[in-house]
Protein chains: 2
Amino acid sequence: MDAKTQARFDARARVLKALAHPSRLFMVDVLSQGERCVCELTEMVGADMSTVSKHLAVLRAAGIVADEKRGMQVYYTLKMPCVLRFFDCVSEVMARSAAEYVEVASIR
Amino acid sequence: MDAKTQARFDARARVLKALAHPSRLFMVDVLSQGERCVCELTEMVGADMSTVSKHLAVLRAAGIVADEKRGMQVYYTLKMPCVLRFFDCVSEVMARSAAEYVEVASIR
DNA sequence: GCAGTGCTTGGCGGAATGGCCAAGCAGTTG
DNA sequence: CAACTGCTTGGCCATTCCGCCAAGCACTGC
């Protein structure tokens with residue numbers, strides 16, 4: 001794997017890492033339906049606001065969401081709706097994995 | 001976020017986490033062109049075989065690849081070709097991120 | 001200005017991840 | 001059986017991630 005190839009896969013992995021957390025996936029899902037302020041997302045996720053803010057910073061750094069301050073609130077929007085397509089594939093993987101778990105369980 | 005929703009996003013995150021590493025993405029890419037034994041992948045990735053083996057175990061646990069022992073070698077195959085679709089979207093994210101980096105750099 | 005709200009950042013402890021080396025294990029070959 | 005190959009597993013260390021609390025910062029309103 002040469003340096004150029006390495007760099008390309010590093011970049012891809014960075015985006016996937018940004019998405020690879022349940023709370024962040026949930027927020028992306030919520031934001032696909034429209035912008036939300038941090039307070040709303042905090043409420044929905046059910047974690048400390050500082051935690052949610054840091055998750056949003058991760059998504060922002062990856063270019064997946066953008067923030068805009070309006071008045072006292074900061075609104076986040078989904079910049080990469082195409083990431084939603086991930087879910088279709090992931091669901092497929094999940095369905096098979098679940099089936100295998102059942103299979104393994106029944107063997108035991 | 002109720003327990004059921006939590007479980008769904010946990011499951012999705014698990015698959016994304018399995019993919020969120022440069023070496024693992026590279027191996028998925030290689031496997032999309034056909035099966036490979038661990039020794040070949042080790043050679044291509046350029047890491048210790050034990051490291052590669054552990055990465056493959058992560059992909060296998062997520063249901064993304066499958067292994068089959070034939071003779072002295074273990075061959076891995078891609079079970080979820082749909083994960084390749086991720087890359088199109090990731091490329092798009094990368095292109096925009098790169099553009100922003102340039103922008104930020106030029107401002108400095 | 002000062003108190004209050006909304007958000008971000010710093011910091012800390014605990015958990016998970018990733019890499020290598022070494023040891024173990026299965027299958028092959030002499 | 002003994003030596004060898006291909007792979008996996010255990011263990012260790014360094015690094016990163018993740019959650020909360022506390023502090024700081026920006027804007028609003030009294």
Side-chain angles (χ1 to χ4, degrees), chain A residues 1 3 6-7 9-28 30-31 35-77 104, chain B residues 1 3 6-7 9-28 30-31 35-77 104:
Chain A
M1 186 156 49
Q6 176 79 46
F9 285 98
D10 276 0
R12 289 178 176 182
R14 239 175 280 128
V15 176
L16 287 174
K17 271 182 87 166
L19 287 170
H21 188 285
S23 300
R24 293 197 291 265
L25 280 183
F26 177 71
M27 292 193 286
V28 165
V30 169
L31 292 177
E35 65 173 21
R36 297 280 185 179
C37 67
V38 180
C39 52
E40 287 174 309
L41 292 168
T42 298
E43 166 89 26
M44 295 171 97
V45 170
D48 196 275
M49 185 182 277
S50 68
T51 300
V52 171
S53 180
K54 282 181 184 176
H55 279 310
L56 287 166
V58 170
L59 291 172
R60 182 166 15 95
I64 297 166
V65 303
D67 61 332
E68 187 195 336
K69 186 155 194 171
R70 285 208 303 275
M72 264 193 330
Q73 286 150 338
V74 177
Y75 287 88
Y76 279 84
T77 49
V104 169
Chain B
M1 187 154 52
Q6 176 79 47
F9 285 98
D10 276 0
R12 289 176 175 183
R14 237 174 283 129
V15 176
L16 287 174
K17 272 182 85 166
L19 288 170
H21 188 285
S23 299
R24 292 198 291 265
L25 280 183
F26 177 71
M27 291 193 287
V28 165
V30 169
L31 291 178
E35 65 172 20
R36 297 280 185 179
C37 67
V38 180
C39 52
E40 287 173 311
L41 291 169
T42 298
E43 166 89 25
M44 296 171 97
V45 170
D48 195 275
M49 185 183 278
S50 68
T51 301
V52 171
S53 180
K54 282 181 183 176
H55 280 311
L56 287 167
V58 170
L59 291 172
R60 182 166 13 98
I64 297 166
V65 302
D67 62 331
E68 187 194 336
K69 188 154 193 169
R70 284 208 304 275
M72 262 193 334
Q73 285 151 338
V74 177
Y75 287 89
Y76 278 84
T77 49
V104 169

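In the text below, chain A, chain B and the rest are named by the order of the sequence lines, each starting its count at 1. Worth saying up front: this structure is predicted, and the values here are computed from it rather than measured.
- Taking atom CD of residue B:Glu68 and atom P of nucleotide D:dT8, one finds them 13 Å apart after rounding to whole Å.
- Direction of the helix axis in the helix from C:dG1-D:dC30 to C:dG30-D:dC1 shifts by 10° between the two five-pair termini, rounded to 10°.
- One atom, OH of B:Tyr75, and another, P of C:dG27, lie 16 Å apart when rounded to the nearest Å.
- Remark: A:Tyr76 is in phosphate contact with C:dT8, judged by side-chain N or O atoms under 4.0 Å from OP1 or OP2.
- With respect to B:Leu59, the side chain to side chain contact (heavy atoms under 4.5 Å, CB included) criterion is satisfied by exactly one of B:Val65, B:Leu25, B:Leu31, B:Asp67: B:Val65.
- Of the two residues near DNA chain C, B:His21 and B:Arg70, the one whose nearest nucleotide lies more 5' is B:His21.
- Here D:dG6 presents its P atom at 18 Å from CG of B:Asp67, a figure rounded to the nearest Å.
- Distance A:Phe9 CZ to C:dG18 P: 17 Å, rounded to the nearest Å.
- The only member of B:Arg36, B:Glu35, B:Arg60 that meets side chain to side chain donor-acceptor pair (under 3.5 Å) when paired with B:Tyr76 is B:Arg60.
- Atom CZ in B:Arg36 sits roughly 17 Å away from atom C1' in D:dG6 (whole-Å rounding).
- Both B:Cys37 and A:Arg24 lie near DNA chain D, and the one whose nearest nucleotide falls closer to the 5' end is B:Cys37.
- Between A:Met49 atom CE and C:dT9 atom P the separation is 14 Å, expressed in whole Å.
- Remark: C1' of D:dC7 and CG of B:Leu56 are 10 Å apart, rounded to the nearest angstrom.
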Polar atoms only, N or O, under 3.5 Å: list the protein pairs with nucleotides 20-26 of chain C and their distances.
{"from": "C:dC20", "atom 1": "OP2", "to": "B:Asp48", "atom 2": "N", "distance (Å)": "3.4"}
{"from": "C:dC20", "atom 1": "OP2", "to": "B:Thr51", "atom 2": "OG1", "distance (Å)": "2.8"}
{"from": "C:dC20", "atom 1": "N4", "to": "B:Lys54", "atom 2": "NZ", "distance (Å)": "3.1"}
{"from": "C:dC21", "atom 1": "N4", "to": "B:Ser50", "atom 2": "OG", "distance (Å)": "3.0"}

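- Here the side chain of B:Gln73 is nearest to one of D:dC7, C:dG18, C:dC7, namely D:dC7.
- Regarding B:Glu43, its CD atom lies at a distance of 14 Å from the C1' atom of D:dG6, rounded to whole Å.
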